[in-house]
2 protein chains.
Amino acid sequence: MNPYPPLKALVAFDAAMRTGSFSLAAAELFVTPGAVGQQIQKLEEWLGVALFVRQVRQVQPTEDALGYWKRIQPALAQIADASHRLRDRRNSAVVLSMPPGFATKWFASRMASLLRQHPEIELHLNATPQVIDLERESIDLAIRYFDGQAPELDVTLLLQDESRVYANPRYLAPLDLREPDDVARATLLVTTLQPHWPTWLERYSRLSAARIAAIPRIHFDQSLMAIEAARQGQGLILTSPHLVEAELAEGSLVEAFAHALALTQGYYLVHHGKLPLRPAVATVKQWLIDEAGNSVHVPLGPPS
Amino acid sequence: MNPYPPLKALVAFDAAMRTGSFSLAAAELFVTPGAVGQQIQKLEEWLGVALFVRQVRQVQPTEDALGYWKRIQPALAQIADASHRLRDRRNSAVVLSMPPGFATKWFASRMASLLRQHPEIELHLNATPQVIDLERESIDLAIRYFDGQAPELDVTLLLQDESRVYANPRYLAPLDLREPDDVARATLLVTTLQPHWPTWLERYSRLSAARIAAIPRIHFDQSLMAIEAARQGQGLILTSPHLVEAELAEGSLVEAFAHALALTQGYYLVHHGKLPLRPAVATVKQWLIDEAGNSVHVPLGPPS
DNA sequence: TTCATGGCGTAGAAAATCTATTGCATGGCG
DNA sequence: CGCCATGCAATAGATTTTCTACGCCATGAA
């Protein structure tokens, strides 16, 4: 009925075969020799086969034992190995999920510093636009762009988001934008998922709905592509300063207006709230919080 | 330190993965669902990895669980298979050891009947002249040619041995042997291991030592070869009637004298005396005893 | 000869495993 | 729309398994 022998006994058997002695096997397993003897006796009973010939002061494996050992030894090794890997990986590995735009524009440049500070951590980055099931996919930490409302999860605000207007300075120069109304002369680069242009225009400009509707637009379904278009001087982009840090630093984008649009959304760090985090995961979490804290917005002001 | 996860838990895990449900797994293992849940929880703790996402009324394996299962499943199957084989073989198989001469001359002709009567038995015949270690070589039953003195072993007399004189009738005819003294005119086929000719001659003939020493002899170190030589009319053989049954039946050998030499040796059935015999072994033992009981000596008398 | 070694056997202690039960959330069914 | 059946979690207590402690024995070395 039950296809498995007493598995604990197999471990004792393996140790006894390797060491050639119940006593040595017992020492290896941190038990008394008697325990090993009993385990092997139980295995012999279950199999209906003598595995060792007991002689005085020593045991000798039978033919059957040798053959059996040859078969089960690799199986045990396989189990030990697979278990070790999983266990080990989970001790040092951290699986981190975030949206691709954030990964590229904010995280990528900082990742090197994380790995330098914590070389023992094996980082698995999962950059996907979908919101994925943390548990199902064994995600340790995720950065999500949302409003922070998620009971059941442990949620920490990393970066409160805001929207600012950026453009390539060579694109801006001829336009000579001085106040929000002037955007009517520009092209708007619109990201489908963060359609904040209407809000911005309503708040800061005095343009009529008709004139707003007449402004040329190019639509993108990913922030990444919109940012790239802006960098190449295709128009004005209204996006998060966190996503254009590199472009601001290299000067390929500059802020066109000082008018920021506050948003309820932000980049939040989330993880399951039940179990305590493994040390490696806690390390990464803290590092992310620290990095985000240092990543303060330095407004560049309008082009000089 | 310990490379193995709780192995019992692996069995539960495997069942749960296969069935996709703790309850079904529990039914398969003949335990309560709670037991399965606890085992899996223990495994998850040991690995430091969640294996199932508990949802309402169902569980779903994580990615880690799938990967882990893929690795340990073959290992478990290997253990089950190796154990099953050993166990199964030992249930139906019987390893029987005997001297090669006895195997060929007495056992071979009867073996078919044994297998016919007990088709469920898988018989392993080990015909070797050496006396081998029953336990070390996992021999269930052995037939040994000796005097039956073996404490520690369970010993049953199968056939008390005796030595009788046989020859090919065409070899005998011209010699016209009428009484033991007449063997001086013949050639003696001598088996090194059973050197009973001197005893026979001393007991039944009145020949002097010098005349006995003058009789031509051919020496063989195996009974088999001496018997074959006798069959081909090379001389007189002094051997056990049990070994020449077939030749007597076909008439290629006949008994030359009615004088039998009783021996202290015989064919004994031996096995370790500690454990009770497995049913298959007991069956073969009884069959051997019965066969030996029926195998009565039918003296053919001198050639007519 | 004596001693140390390494196995066996047994009884009882310790640990593990299982059962029994309750509670909960939910999906199917009337 | 309410009710019931399902499947898992959590706990405590019972049961089974496993380990230790200890004495015994045979042997080979000092």
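Sequence lines set the chain letters: A, B, ... in the order given, protein chains first and strands last, and positions in each chain run from 1. Values below: all heavy atoms of this structure, side chains included; hydrogens, waters and symmetry mates excluded.
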N/O to N/O distances under 3.5 Å, protein versus nucleotides 14-16 of chain C:
from	atom 1	to	atom 2	distance (Å)
C/dA16	O3'	B/K42	NZ	3.0

Quick one: side chains of residues 32-41 of chain B, donor-acceptor pairs under 3.5 Å with protein atoms, not counting sequence neighbours, listed by atom name and distance.
from	atom 1	to	atom 2	distance (Å)
B/Q39	OE1	B/A9	N	3.4

Taken in chain and number order and not counting sequence neighbours, the residues that satisfy ring pair (Phe, Tyr, Trp, His ring centres under 6.0 Å) with B/F107 are none

Not counting sequence neighbours, list each pair that qualifies as a salt bridge (charged side-chain N to carboxylate O under 4.0 Å, His left out) and has a residue in residues 30-40 of chain B. none

Does anything in residues 71-98 of chain B form a ring pair (Phe, Tyr, Trp, His ring centres under 6.0 Å)? List the pairs, not counting sequence neighbours. none

Strictly under 3.5 Å: I want the nitrogen or oxygen pairs between protein and nucleotides 19-21 of chain C, one per line.
from	atom 1	to	atom 2	distance (Å)
C/dT19	OP2	B/T32	N	2.6
C/dT19	OP2	B/T32	OG1	2.8
C/dT19	O4	B/Q38	NE2	3.0

Under the ring pair (Phe, Tyr, Trp, His ring centres under 6.0 Å) test, residues paired with A/Y145 that sit two or more places apart: A/Y267

Just the atom pairs and distances: protein N or O near nucleotides 27-30 of chain D's N or O, under 3.5 Å.
none

Salt bridge (charged side-chain N to carboxylate O under 4.0 Å, His left out) partners for B/D81, two or more places apart: B/R85

The criterion is salt bridge (charged side-chain N to carboxylate O under 4.0 Å, His left out); which residues satisfy it with A/K8, sequence neighbours excluded? none

I want to check one thing: is the phosphate of C/dG7, taken as OP1 and OP2, less than 4.0 Å away from some side-chain N or O of A/S21? yes

Salt bridge (charged side-chain N to carboxylate O under 4.0 Å, His left out) partners for B/D88, two or more places apart: none

In the structure shown, which nucleotide is the Watson-Crick or G-U wobble counterpart of D/dT11, with both distances under 3.5 Å? C/dA20

For A/D14, enumerate each residue passing the salt bridge (charged side-chain N to carboxylate O under 4.0 Å, His left out) test, keeping only those at least two apart in sequence or located in another chain. A/R18

